[in-house]
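Note that this is a predicted model, so its numbers are computed, not measured. Each ligand, and each atom within it, is numbered from 1 in the order the structure gives.
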Amino acid sequence: MLENDRIWITGAEGQLGHTLYKTLEDAARDILTTDKDVDVTDLDGIMQYADINRPDVIINCAAMTDVRTCEDEPIQAYKVNALGARNLSIASRKIGAKIIQISTDDVFGGMSQKTYTEFDTPEPVTVYGKSKLAGEGFVRELNPRHLVIRSSWIYGQSGSNFVFWVLEMARKGESFLVPNDQVGSPTSAVELAKFIVRLLSTREYGVFHAACEGVCSRFYFAKEILRLAGMENVPIDAAVSKKTSQFFPYPSYTVLENMMMYMTEVYQMPRWEEAIREFMETLRRDTVRKEGVYEKE
Ligand SMILES: NC(=O)c1ccc[n+]([C@@H]2O[C@H](COP(=O)([O-])OP(=O)(O)OC[C@H]3O[C@@H](n4cnc5c(N)ncnc54)[C@H](OP(=O)(O)O)[C@@H]3O)[C@@H](O)[C@H]2O)c1
């Protein structure tokens, strides 16, 4: 049972790892968190850590996630995203642990207007997507007790993400460009973490898609973020990706269908609109709380 399990979260200082820790804190007694202090690319270090700490479940949130950096540094991208997953799979198998590998919609090419289920064949077009797919492959080959969870457009309370980028650009008060030819499902790290916690208390294995329900373009998502932040008057312009260098080379249509979730009936993700509303409300409450503290000091 979950409450008796020792869970090791790698990449625990990242958006999802941190949120997962916060979510699991209430449900599980025993959580280990590591980030670059236990480098996933170092097989000996990973084996040693696993051997000493003996987790029942390893959740691999460690990754090189910046798509552009992956294009510029492909060896490092494969090292972290593929070899890292391999090393954790070897270690988890040796100690009899389950492995949960977090993966991405970018394993699909995104060149058509079709949603992708777990039964579609991945065809990544970016180094990031290819290296993440290689990581999935290692996990599947090396530890039969695996779950691969693919999500998309994740935003959490910590780290850098699209939501914070939009708010930062808006605060500068100048108009900015956002692509309207990239379509996906924005997914709150909190909602994804809730699903992972739910999965931990089941006997499910295999590949699961886990994105918030509904789809939108990045442009529409940015408009919604600004509306919820009370900044709807900030001018933003819809553009094609080629003109918005910071978003190139993202695949254009990577919408995940949570088919395994429907079939197994283990969970239902909320709609992306509800999740971003909840996220913005939490941000607002945190800001008010912090400002209250500052006033007292
Ligand atoms: N962000 C998204 O939109 C998105 C969408 C779909 C799927 N995913 C997947 O979801 C997972 C979590 O993503 P995220 O957004 O939480 O990523 P993130 O915020 O970038 O977190 C990844 C963490 O892993 C750390 N890390 C990097 N190299 C490492 C290494 N060699 N050893 C140990 N730790 C290392 C990073 O440290 P540094 O920050 O110092 O590099 C960071 O703290 C990843 O598997 C990602 O591929 C993300």
Taking atom 32 (N) of ligand 1 as the reference point, the nearest protein heavy atom with its distance: V40 N, 3.1 Å
Tell me if the CD atom of E281 is crowded by more than 12 foreign heavy atoms within 6.0 Å. yes
For atom 6 (C) of ligand 1, the option (of A12, S151, C61) bearing the nearest heavy atom: S151
Quick test: of every protein heavy atom, which one is nearest to atom 45 (O) of ligand 1, and how far off is it to 0.1 Å? K132 NZ, 2.7 Å
Are the side chains of D51 and K94 in contact, using a 4.5 Å heavy-atom criterion? yes
for atom 35 (C) of ligand 1, nearest protein heavy atom and its distance come out as K36 CG, 3.7 Å
Take every heavy atom of D35, measure it against each atom of ligand 1, and state whether any distance is under 4.0 Å. yes
Quick check on contacts: which atoms of ligand 1 are under 4.0 angstrom from a heavy atom of A62? 24 (O), 33 (C), 34 (N), 35 (C)
of all protein heavy atoms, closest to atom 21 (O) of ligand 1 is G14 CA, 3.2 Å
Geometric class of the F279/F164 ring pair [parallel <30°, tilted 30-60°, perpendicular >60°]: tilted
Using a 4.0 Å heavy-atom cut-off, which part of W153 comes near ligand 1: side chain, backbone, both, or neither? backbone
Same hydrophobic cluster for V38 and I90, using side-chain heavy-atom links shorter than 4.5 Å among ILVMFWY? no
Ligand 1 atoms in contact with I102 (distance to a heavy atom under 4.0 Å): 9 (C), 10 (O), 11 (C), 45 (O)
R277/E273 salt bridge by N-O under 4.0 Å criterion: no
Test: K114 cationic atom under 6.0 Å from F108 six-membered ring centre, within 45° of axis: no
Within-cut-off N or O pair, I154 and ligand 1, under 3.5 Å: yes
Work out whether the distance between some heavy atom of A189 and some atom of ligand 1 is less than 4.0 Å. no
Kindly identify the option in S103, G84, S152 whose heavy atom sits closest to atom 7 (C) of ligand 1. S103
Note, M269 side chain near E191 side chain (heavy atom, < 4.5 Å): yes
Return the closest protein heavy atom for atom 47 (O) of ligand 1 as residue, atom name and distance. Y128 OH, 2.6 Å
For atom 20 (O) of ligand 1, the closest protein heavy atom turns out to be T65 OG1, 2.9 Å
Scan side-chain atoms only and decide if S252 and D181 contain a donor-acceptor pair under the 3.5 Å cut-off. no
Specify the protein heavy atom at minimum distance from atom 19 (O) of ligand 1: its residue, its atom name, and the distance to 0.1 Å. Q15 N, 3.0 Å
Between F176 and W165, does the ring centre distance come in under 6.0 Å? yes
Going by heavy atoms in the side chains, are E13 and K36 under 4.5 Å from each other? no
Test item: Q157 and D286 side chains (from C-beta on) under 4.5 Å apart, heavy atoms: yes
May I ask you to list the atoms of ligand 1 that are less than 4.0 angstrom from any heavy atom of D39? 30 (C), 31 (N), 32 (N)
Please confirm whether E13 comes under 4.0 Å of ligand 1, counting heavy atoms of the residue only. yes
With a cut-off of 6.0 Å (strictly less than), are more than 12 heavy atoms of other residues, nucleotides or ligands near CD of E213? yes
Tell me: protein heavy atom nearest atom 16 (O) of ligand 1, and distance? L16 N, 2.8 Å
Would atom 39 (O) of ligand 1 count as contacted, meaning some protein heavy atom under 4.0 Å? no
Polar contacts were defined as any N/O atom of the residue lying under 3.5 Å from an N/O atom of the ligand; does this apply to G11 and ligand 1? no
